[in-house]
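Data first, discussion second: the structure below is written as structure tokens.
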Amino acid sequence: MERKICKILKNENLSGNYYFLILENNFKKIFKPGNFIHIKIGNNFLRRPFSIALFDREKIGIIYKVVGKGTDELRKKKKGEFLDILGPCGNFFPIYKNKKVCIIGGGTGIAPLIFLSKVLKKYGNDVYFFYGARDKNLIFFKLLLTGINYIFSTDNGSYGKKGNIFDVFKNFEENFQVIYGAGPEILLKKLSIYSENIPVYISVENYMACGMGLCYGCVIRIRKNNGYEYKRVCKDGPVFKASEIIWD
Amino acid sequence: MERKICKILKNENLSGNYYFLILENNFKKIFKPGNFIHIKIGNNFLRRPFSIALFDREKIGIIYKVVGKGTDELRKKKKGEFLDILGPCGNFFPIYKNKKVCIIGGGTGIAPLIFLSKVLKKYGNDVYFFYGARDKNLIFFKLLLTGINYIFSTDNGSYGKKGNIFDVFKNFEENFQVIYGAGPEILLKKLSIYSENIPVYISVENYMACGMGLCYGCVIRIRKNNGYEYKRVCKDGPVFKASEIIWD
Amino acid sequence: MGLNLEITLGKIKLNSPLILCSGIFGFGNENIKFIDERKIGAIVTKTITYEPWPGNPQPRIYETNYGMINRIGLQNPGVFYFMRNIFPKLRKKYKRVFVSISGRSEKEFVEIIKIVSKKRIDAIELNLSCPNFENEKKMISQSSELTFKIVKSVKNETDIPVIVKLTPNVTEIKEIAISAEEGGADILSLINTIKGLAVDFKKMRVIDGGLSGPSIKPVGLKCVYDVYKVVNIPIIGMGGITCGLDAIEYFLVGASAIGIGSGFYSNPQIIDDIYKTLKNFLRKNKFKSIREMIGLLNEKKENF
Amino acid sequence: MGLNLEITLGKIKLNSPLILCSGIFGFGNENIKFIDERKIGAIVTKTITYEPWPGNPQPRIYETNYGMINRIGLQNPGVFYFMRNIFPKLRKKYKRVFVSISGRSEKEFVEIIKIVSKKRIDAIELNLSCPNFENEKKMISQSSELTFKIVKSVKNETDIPVIVKLTPNVTEIKEIAISAEEGGADILSLINTIKGLAVDFKKMRVIDGGLSGPSIKPVGLKCVYDVYKVVNIPIIGMGGITCGLDAIEYFLVGASAIGIGSGFYSNPQIIDDIYKTLKNFLRKNKFKSIREMIGLLNEKKENF
Ligand SMILES: Cc1cc2nc3c(=O)[nH]c(=O)nc-3n(C[C@H](O)[C@H](O)[C@H](O)COP(=O)(O)OP(=O)(O)OC[C@H]3O[C@@H](n4cnc5c(N)ncnc54)[C@H](O)[C@@H]3O)c2cc1C
Ligand SMILES: Cc1cc2nc3c(=O)[nH]c(=O)nc-3n(C[C@H](O)[C@H](O)[C@H](O)COP(=O)(O)OP(=O)(O)OC[C@H]3O[C@@H](n4cnc5c(N)ncnc54)[C@H](O)[C@@H]3O)c2cc1C
Ligand SMILES: Cc1cc2nc3c(=O)[nH]c(=O)nc-3n(C[C@H](O)[C@H](O)[C@H](O)COP(=O)(O)O)c2cc1C
Ligand SMILES: Cc1cc2nc3c(=O)[nH]c(=O)nc-3n(C[C@H](O)[C@H](O)[C@H](O)COP(=O)(O)O)c2cc1C
Ligand code: FES
Ligand code: FES
């Protein structure tokens, strides 16, 4: 993990409350899909975690939704300003090769999945990306990649199938060898049922303080023997096997 | 007293740590020399007081020195941004007419005196302005007005007389009918000795919280009978008769 | 909208739950434009003592991280002067006037009560956070016994509702709150400033006083939350309120009214801002009155 | 520059006055690049209990104004696991290792001490801010008697220096500090978190825990300032330190060393930053060592 002061290359509104932030990449480490960065924003005491949506030699990108104090301040940052970044944080999605894989997500969960889909494609997988949104304008077409099979759904039917993305996925005919998910907890819970037969990896979120595995603030319950143990989302996660998690 | 959100028209470095800030004047009230404004800067809990150096229908100006957190943040504000301003605060210098008056000050004390000199001149006074600075580059020539007799001194002799402005004033031949002062406490103390014969008005500074006469945080000791009472710099001042003050 | 923000504090009806904290607004007689009396439930005066007090020498205030420290030292002109020259103005200006008082002995408390009770004041607030009480090293509200004793003697002396204001600098504020209630307190005010210290590097000295402002909000909320569970009298919650959401937090953990303190110095239009947010919040959540949100986040009352 | 930042804490020599606070750095075995062991005087482990503790359910943390609240609940694998599997790594990595412990009874304290004393640890820190001690409603360090008792029994059991860490949630911390000293404490750690509460609007619930971060600095400074006057043992000062100037404030009011706490989460390079500022400060003010600035802003020691 490194701490860098990164220049903002772009901070643009995608639509609604969603923004796309691109930072100059001056990290030595390679970031992997599932990793997140921990950003110090203004006078907020704690940093704020965001999944990596884009990563290459020059750039690091995140997609964020304005939901509170920190993200509202982030929104106001301009190109050329600097941000204090900690990263790469957390673990990452295991990458399979030459498989038929499903990626499914919605909301801000799309962010890590975009990066993931790019890498999975590179490794020869046949990638089906189930992309759920509330409305057509919350589908970020310009961030999508070629060579990936997108299946869309919107709550209001303004694009793709009408309804929940999980239902679309459920009724889909293909047999996948691996499932990757991120987004609303309810979606992640539902995905767990597939984990009996095939690997299901999901990225979970939790309120964080350190982001480095030190404070034990971000723990979730993970199956252990007949009981559970608390594991840290920031360090042992954010990617877990869906089967391991004990949901509240 | 009003609270206004004012647009920054200019925020320029004068020289060294000194800056000149001009705000759009959207106040209804007329500001008078000696008045100050109380500025909310960034996340600092308390506001910061600054004397008015310039005032007209369109503009309000202050001269400030960067000395700490607040002023350092203020320095970074750019034209077009907005500041949360409380004003006019405090009392003001009494304005005489057609007199031979002395104005004496140094450091940031110059700020209220520039505004004062303008008004005194308007009221037909013969104005002598004793202006002390550490170095020539800390004399803000471009802020000076015509029709006023300036007498300069610098600590290093780089402009005007060499030495302290009080010494220059002391050895000056004219007899003044009123003295006005602002600046370092040591100067203000020395001016007090003249107050036996003629009115000496000085603007004093103190650490402030409310700036509205409410918290009793900014008090100084003022003569009362044989003892003293605490008076508020922000409300009963900042201008006091030099003879009233009991210096610590 | 018929929505109003009326509340009751025991027998006292207020047309707004916003109360101006003691000491924040001077003696209340300054002409501060930003205070819209219609949006104010009550004003609490700066604490008044029997004799005039000069207050502390400088330094008296210092800024801290999201807060400030003060050691004003109860500068005030004494109860006689206050009741004669200042109180009548407040009476005219505000619908409800609460007079804050403090004494250095039980006798002084009683004497002051006698004097203030002659006028039509709406409540007396006992500031029990005054150090140097009868040569004890403690403040009154740092001792259950003293709190009980003083509240009781004051209650014996007057029919005016008595608010008891407590310091958070105690091992267990629930115990003190219970003693105040047992002594006869009608209302509690929580919290006074927290003991704190700042270092002034420029002058190389310390400012040893009471901490207020946003940084103490979690402590104020915790005190209100805890005390609400063990008493049956209403609580005025204060400490670090700077916006409407802060006020709502206090209601949700058990406050019946909230005090506007040093947040006013940061934003003198805080009263309008909070008032507006409260109205919107009630409307949005379909609450009919402030009362409906009081204590919503508290578990059931506990036996202590 | 020959300037070094060495200090002594009683008999313990540290090559830096920067101490990593208990609970902030997990068990100290994470591989955190930002911690330069040469700039660290000592690491204090997360508090270890006799049996493994799972810790509290969510929510465990929440941000406040310039601070945070935590209720981790001492999640730890128990003293046996810790001493066998984690401690050896710390021993190798850090020059000085202080082990923080807590117990639910006097007996548990003694048992733990016996176990940890078998290894070469540099000091034991007693975290006396654990609630639920022998069914009392108080923390140990909220009672002079309990503090004295526990410190004494621990001291009887071990020759390792004992640090006693106190809660600020008391009526008079000076009394507790004196009891700890009388019980045999070698060093004091001031302060643990302050009781605080935050409201999570989104989930409509409260987070009731311990407040830390910049907002509590005035309280930490006040405690150190007060306690310094009445004890003769060194104090590790902590609470809200986020930069070198904060650390210097603690030294000036009486701390012999300072603890790096949740400020690390905000700025993981805080150690380098503070270290550098301290060096510069010594040089600029012509101090030869940290020792020379300890307590400079305190008045003389007082009799209590
Ligand atoms: C591993 C991880 C990856 C994430 N990736 C993304 C991403 O790619 N894009 C994105 O928009 N968001 C992401 N989030 C969520 C994001 O961190 C929060 O939305 C953000 O911290 C809120 O900050 P705020 O100051 O605006 O909100 P606050 O004012 O702090 O709080 C607003 C609300 O957001 C909740 N919240 C605050 N912090 C977090 C947090 N760390 N996790 C979850 N909820 C929180 C609070 O409980 C509160 O209800 C991620 C979170 C985690 C843990
Ligand atoms: C009536 C009045 C008029 C003033 N007019 C001017 C002016 O025209 N130009 C100008 O440059 N300055 C003026 N000052 C001083 C100015 O207010 C302070 O320099 C400023 O508040 C410092 O803020 P800071 O956050 O940068 O410093 P901080 O980081 O808060 O403190 C840095 C140092 O400045 C001192 N300080 C902080 N606040 C004040 C204060 N209110 N008064 C005096 N010292 C303070 C502190 O004690 C500290 O030593 C005036 C002060 C008063 C009371
Ligand atoms: C400048 C100042 C003066 C105060 N004077 C008094 C006082 O005279 N009596 C009193 O009971 N409380 C006094 N207080 C405490 C406040 O009434 C209030 O309890 C405290 O400031 C916490 O609220 P806040 O954080 O919103 O400021 C004073 C506070 C400040 C900041
Ligand atoms: C997440 C977290 C966990 C903590 N765990 C412990 C602990 O296990 N034992 C202990 O004595 N103190 C613990 N503390 C308290 C700190 O050691 C320190 O006393 C306190 O945070 C004040 O310092 P700060 O304001 O610099 O954070 C913890 C603090 C935090 C924030
Ligand atoms: S956020 Fe601190 S352990 Fe995960
Ligand atoms: S600053 Fe509050 S009375 Fe002057």
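Throughout, a chain's letter reflects where its sequence line sits, starting with A, and its residues are numbered from 1. In what follows, every heavy atom counts, from backbone to side chain, and hydrogens, waters and symmetry copies are set aside.
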### Query
Can any side-chain N or O of D:Gln58 pair as donor or acceptor with the backbone N or O of A:Asn206 at less than 3.5 Å?
no
Between [X] and [Y], what is the shortest heavy-atom contact and its length?
| X | Y | result |
| --- | --- | --- |
| A:Asn43 | D:Tyr66 | OD1-OH, 2.8 Å |
| A:Leu86 | D:Phe34 | CD1-CZ, 3.6 Å |
| D:Ser266 | A:Lys40 | OG-NZ, 2.8 Å |

### Task
Answer with side chain, backbone, both or neither: which region of A:Asn44 has an atom nearer than 4.5 Å to a non-hydrogen atom of chain D?
both
Residue [X] excluded, over 12 heavy atoms near [atom1] under 6.0 Å:
| X | atom1 | answer |
| --- | --- | --- |
| A:Lys190 | NZ | yes |
| A:Glu81 | CD | yes |
| D:Lys276 | NZ | no |
| D:Phe201 | CZ | yes |
| A:Lys7 | NZ | no |
| A:Ile186 | CD1 | no |
| A:Lys79 | NZ | no |
| A:Lys224 | NZ | no |

### Query
What part of D:Ser262 is in contact with chain A, defined as an atom under 4.5 angstrom from a non-hydrogen atom: side chain, backbone, both or neither?
both
Straight-line distance of [X] [atom1] to [Y] [atom2], nearest 0.5 Å:
| X | Y | atom1 | atom2 | answer |
| --- | --- | --- | --- | --- |
| A:Tyr207 | D:Lys202 | OH | NZ | 10.5 Å |
| D:Lys33 | A:Met212 | NZ | CE | 13.5 Å |
| A:Cys215 | D:Ile72 | SG | CD1 | 5.0 Å |
| D:Leu74 | A:Tyr216 | CG | OH | 12.5 Å |
| D:Tyr62 | A:Leu46 | OH | CG | 11.0 Å |
| A:His38 | D:Tyr265 | NE2 | OH | 10.0 Å |

Taking [options] one by one, which has the highest count of heavy-atom pairs under 4.5 Å against chain A?
| options | answer |
| --- | --- |
| D:Arg71, D:Lys46, D:Gln269 | D:Gln269 |
| D:Asn31, D:Asn267, D:Thr242 | D:Asn267 |
| D:Asn70, D:Thr64, D:Ile24 | D:Ile24 |
| D:Gly213, D:Pro57, D:Gly55, D:Pro59 | D:Pro57 |

#### Entry: Salt bridge flag under 4.0 Å for residues A:Arg47 and D:Glu63
no
### Query
Would you say D:Asn65 and A:Phe45 make side-chain contact, with heavy atoms under 4.5 Å?
no
